[in-house]
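What follows is a set of notes on a single structure, which appears directly below.
Sequence lines set the chain letters: A, B, ... in the order given, protein chains first and strands last, and positions in each chain run from 1. The analysis underlying the following values was restricted to heavy atoms, covering all of them including side chains, and did not include hydrogens, waters or symmetry mates.
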Amino acid sequence: MKKPSIPKGTRDFTPQEVVKRTYITDIIKRCFMSYGFQPIETPSFENSETLMGKYGDEGDRLIFKILNSGDFLRKVDDTTYSEKDATKLTSKISEKALRYDLTVPFARYVVQHQNEITFPFKRYQIQPVWRADRPQKGRFREFFQCDADVVGSDSLWQEVEFVQLYDAVFSALNLKEVVIKMNNRKILSGIAEVIGAEDKLIDFTVALDKLDKIGEEGVKKEMLEKGISETAIEKLQPVFNNDGSASEKLTLLKKLLDTSETGLQGIKELQFIIDAIEALGLQSANLEIDITLARGLNYYTGAIFEVAAPKGVDMGSIGGGGRYDDLTGIFGLKNVSGVGISFGLDRIYLVLEELNLFPATVSANTKVLFINFGNKESLYAMKAISKLRGLDITAELYPDEAKMGKQMGYADKRDIPFTVLAGDEEVKANLYTLKNMKSGEQEKVTFDKLQNLLK
RNA sequence: GUGGUUGUAGCUCAGCUGGUUAGAGCGCUGGUUUGUGGUGCCGGAAGUCGCGGGUUCGAAUCCCGUCUUCCACCCCA
């Protein structure tokens with residue numbers, strides 16, 4: 001018999017893992033709700049046309065397609081079939097696809113429910129998404145995103161709130177010194193404009209984004225390869241030396257972008273957010289301007305966020321987000337601005353694990369195990385167990401009349417802190433012998449005393 | 001999608017240049033004065049060596065393919 005297995009990039013979660021994951025999502029949910037976000041859920045798969053073309057070519061490749069039901073090949077005409085063109089064939093044999101992120105389905109949701117929604121609409125959503133990527137550290141083919149977005153407001157106060165929200169969540173998780181990096185798409189457009197590379201915006205930003213990875217020379221080389229002129233790259237020089245304070249960076253940018261209206265607008269937006277956060281303060285996160293931050297999907301138009309784990313932890317970004325002026329436009333609803341952020345649950349988990357930041361109390365364990373001495377004694381035990389459960393004390397009876405050693409061993413292995421021994425003697429006296437598994441001490445007590453000791 | 005890496009009992013791994021019934025630790029299980037676990041002692045079960053081909057008298061060990069793992073690129077949470 002072949003051992004069963006799961007597809008690559010997917011995982012089973014043990015009880016301990018689920019408990020820890022719940023700890024994270026509970027905190028995120030609590031923060032989301034306290035900021036006024038409301039939960040929605042969307043289907044795990046969508047019509048292909050909803051997803052395809054929304055994430056770029058790379059994205060299309062990474063979307064899991066679902067085969068049509070029935071005798072789907074019969075409907076393919078012979079020409080398409082013999083051409084062996086995957087893209088063409090796919091559209092004929094697959095009409096549904098697994099959710100790739102939560103933002104596009106949300107945009108679809110907003111358009112579809114526009115008449116029931118009161119704008120601005122703040123929603124959060126915590127669900128799995130799927131990508132046909134090649135797995136590696138912190139990268140899975142099935143993973144969870146925790147998104148909070150607001151649509152229908154252009155106000156920069158939303159951006160300010162999202163910075164606060166990031167800070168609130170990571171502070172509550174006791175994950176200190178995360179770095180919230182912020183940039184603005186308009187600044188990037190502005191830079192491309194003033195150096196005369198507007199038509200190469202995407203190549204330009206993708207290359208710039210790699211600065212901390214491949215260095216200044218690497219970036220310049222890549223830009224040259226992508227056809228960005230040498231004179232243009234020369235004009236970029238100030239950008240490469242951009243490690244001052246926020247205000248220094250902004251001053252530098254203002255000089256560089258003084259001929260670009262778009263660029264200046266971006267600076268103004270960034271300035272607003274920085275000023276507001278400076279006045280309001282953050283608990284434990286650091287907010288930084290990162291001009292090289294370009295990641296993010298093609299639809300971002302304003303602010304771009306990315307959260308990096310504290311220094312010394314080797315992990316990709318643990319959160320990201322931004323402003324998109326016209327996301328719902330692709331589904332026919334114009335002029336609705338949206339801005340949102342996402343938390344990468346699986347990566348946050350890995351970071352907390354690495355830094356040992358899960359509280360010891362994170363466990364949903366049984367408090368007390370009653371030893372099984374036989375049916376008569378078990379009935380006596382069950383009566384007490386029911387009463388304890390009514391008092392919110394998790395209690396259980398060992399189901400079989402096994403040897404004591406085995407029953408104690410079971411409590412031990414499951415880290416159950418107390419056992420109750422109630423045999424013939426106790427039943428007669430209407431008492432319970434409570435044993436503390438850690439100290440080994442035990443005493444014979446009444447039910448009242450028992451419940452008090454277990455509280 | 002490109003390049004590399006990994007795969008041996010439930011888990012972590014050993015197994016030299018191919019040579020008889022493939023090992024260890026932990027775990028599991030049974031026993032160790034049958035109302036007591038976490039430490040000791042004794043015994044036991046458990047692997048068609050990821051899968052499929054090939055080379056060879058003979059392969060866990062060499063070759064090819066495939067899947068999986070991890071890593072880099074790409075991209076991203």
Side-chain angles (χ1 to χ4, degrees), chain A residues 1-11 14 24 28 55-63 86 99-103 126-147 202 205-207 209-210 213-214 218 222 293-298 305-309 314-322 340-351 369-374 377 398 401-427 432-442 444:
Chain A
M1 177 100 181
K2 191 171 171 261
K3 265 185 216 160
S5 64
I6 55 175
K8 78 168 148 189
T10 65
R11 297 150 298 159
T14 62
I24 299 174
I28 293 177
Y55 309 100
D57 292 343
E58 185 71 13
D60 283 358
R61 207 197 79 213
L62 297 176
I63 291 173
R99 182 170 58 213
Y100 177 89
D101 74 353
L102 301 179
T103 308
I126 299 177
Q127 291 191 276
V129 302
W130 295 268
R131 296 185 188 176
D133 212 348
R134 205 176 273 207
Q136 46 181 280
K137 186 180 182 186
R139 175 182 288 190
F140 308 97
R141 300 216 289 185
E142 177 184 60
F143 62 97
F144 272 72
Q145 288 190 328
C146 315
D147 275 31
I202 300 286
T205 51
V206 167
D209 188 50
K210 293 180 190 165
K213 209 171 198 173
I214 60 178
E222 178 162 337
L293 176 59
R295 290 223 185 156
L297 304 158
N298 313 336
F305 299 110
E306 181 170 304
V307 182
D314 180 29
M315 181 64 63
S317 62
I318 55 177
I341 59 173
S342 179
F343 292 82
L345 169 61
D346 304 85
R347 287 187 178 176
I348 292 171
Y349 182 101
L350 292 172
V351 172
L369 178 78
F370 281 65
I371 302 297
N372 189 324
F373 286 96
E377 293 85 349
Y398 192 88
E401 190 184 340
K403 279 191 208 153
M404 259 258 242
K406 189 171 169 114
Q407 300 195 41
M408 295 301 262
Y410 174 80
D412 191 48
K413 254 167 248 155
R414 276 195 51 196
D415 269 323
I416 296 173
F418 294 98
T419 48
V420 165
L421 290 79
D424 194 42
E425 220 176 287
E426 285 88 349
V427 174
Y432 305 85
T433 298
L434 177 68
K435 172 165 178 150
N436 180 323
M437 293 300 280
K438 197 151 189 193
S439 65
E441 287 164 11
Q442 57 188 62
K444 224 176 256 187

Find the distance [X]:[atom1] to [N]:[atom2] and express it as a whole number of Å.
X	N	atom1	atom2	result
A/Glu222	B/C75	CD	P	7 Å
A/Tyr55	B/C74	OH	C1'	19 Å
A/Ile63	B/C76	CD1	C1'	13 Å
A/Phe140	B/U68	CZ	C1'	15 Å
A/Glu142	B/A77	CD	P	17 Å
A/Lys8	B/U5	NZ	C1'	13 Å
A/Ile318	B/A77	CD1	P	13 Å
A/Asp209	B/C73	CG	C1'	15 Å

When the [atom1] atoms of [N] and [M] are considered, how many whole Å apart are they?
N	M	atom1	result
B/U55	B/A60	P	16 Å
B/G1	B/U39	P	48 Å
B/G7	B/C51	P	13 Å
B/C11	B/G50	P	13 Å
B/G19	B/U56	C1'	12 Å
B/G65	B/A24	C1'	33 Å
B/A9	B/A22	C1'	10 Å
B/G27	B/A72	C1'	36 Å

- Item | Contacts of type salt bridge (Lys or Arg N to Asp or Glu O under 4.0 Å), residue A/Arg139, not counting sequence neighbours | A/Asp133
- For A/Glu58, enumerate each residue passing the salt bridge (Lys or Arg N to Asp or Glu O under 4.0 Å) test, keeping only those at least two apart in sequence or located in another chain. A/Arg61
Describe the nucleic acid contact of [X] in one word from base, sugar-phosphate, nothing, applying a heavy-atom distance below 4.0 Å.
X	result
A/Gly319	sugar-phosphate
A/Gly9	sugar-phosphate
A/Glu58	base
A/Val206	sugar-phosphate

- Query: Closest nucleotide of RNA chain B for A/Gly138 versus for A/Ala132: which of these residues is on the 5' side?
  - Reply: A/Ala132
- Task: Specify the residue among A/Val307 and A/Met437 whose closest nucleotide of RNA chain B lies further upstream toward the 5′ end.
- Result: A/Met437
- Query: Got a sec, which pairs hit side chain to side chain donor-acceptor pair (under 3.5 Å) with one end in residues 416-425 of chain A, sequence neighbours left out?
  - Reply: A/Lys376-A/Asp424, A/Asp424-A/Lys428, A/Glu425-A/Lys444
- Would A/Phe343 count as stacked on B/A77 if the rule is ring centres under 5.5 Å and plane angle under 30°? no
- Query: In which ranges does RNA chain B form stems of 3 or more consecutive Watson-Crick or G-U pairs, distances under 3.5 Å?
  - Reply: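 Result, WC/G-U stems under 3.5 Å: B:1-4 with B:70-73, B:10-13 with B:23-26, B:28-32 with B:40-44, B:50-54 with B:62-66.
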- Are any of the side-chain heavy atoms of A/Trp130 and A/Arg141 separated by less than 4.5 Å?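 When only atoms from C-beta onward are counted, A/Arg141 and A/Trp130 do not touch, as no gap falls below 4.5 Å.
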- Item | Non-hydrogen side-chain atoms of A/Asp415 and A/Met437 separated by less than 4.5 Å | no
- Once each nucleotide of nucleotides 26-36 of chain B is scored for protein heavy atoms under 4.0 Å, what B/S/- sequence comes out, 5' to 3'? --S--S---BB
Atom pair [atom1] ([X]) and [atom2] ([Y]), whose distance is rounded to the nearest 0.5 Å:
X	Y	atom1	atom2	value
A/Gln145	A/Ile126	CD	CD1	11.5 Å
A/Leu369	A/Leu421	CG	CG	9.5 Å
A/Tyr55	A/Leu62	OH	CG	11.0 Å
A/Leu345	A/Ile28	CG	CD1	6.0 Å
A/Asp147	A/Thr103	CG	OG1	4.5 Å

- Which residues share a side-chain hydrogen bond (donor to acceptor under 3.5 Å, both in side chains) with A/Tyr410, sequence neighbours left out: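 Checked A/Tyr410 against side-chain hydrogen bond (donor to acceptor under 3.5 Å, both in side chains); matches are A/Arg414.
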Any N or O donor-acceptor pair under 3.5 Å from the base of [N] to the side chain of [X]?
X	N	answer
A/Arg134	B/U2	yes
A/Asp412	B/G37	yes
A/Arg139	B/C75	yes

- Query: Can you tell which of B/A77, B/C75, B/C73 lies closest to the side chain of A/Gln136?
  - Reply: B/C73
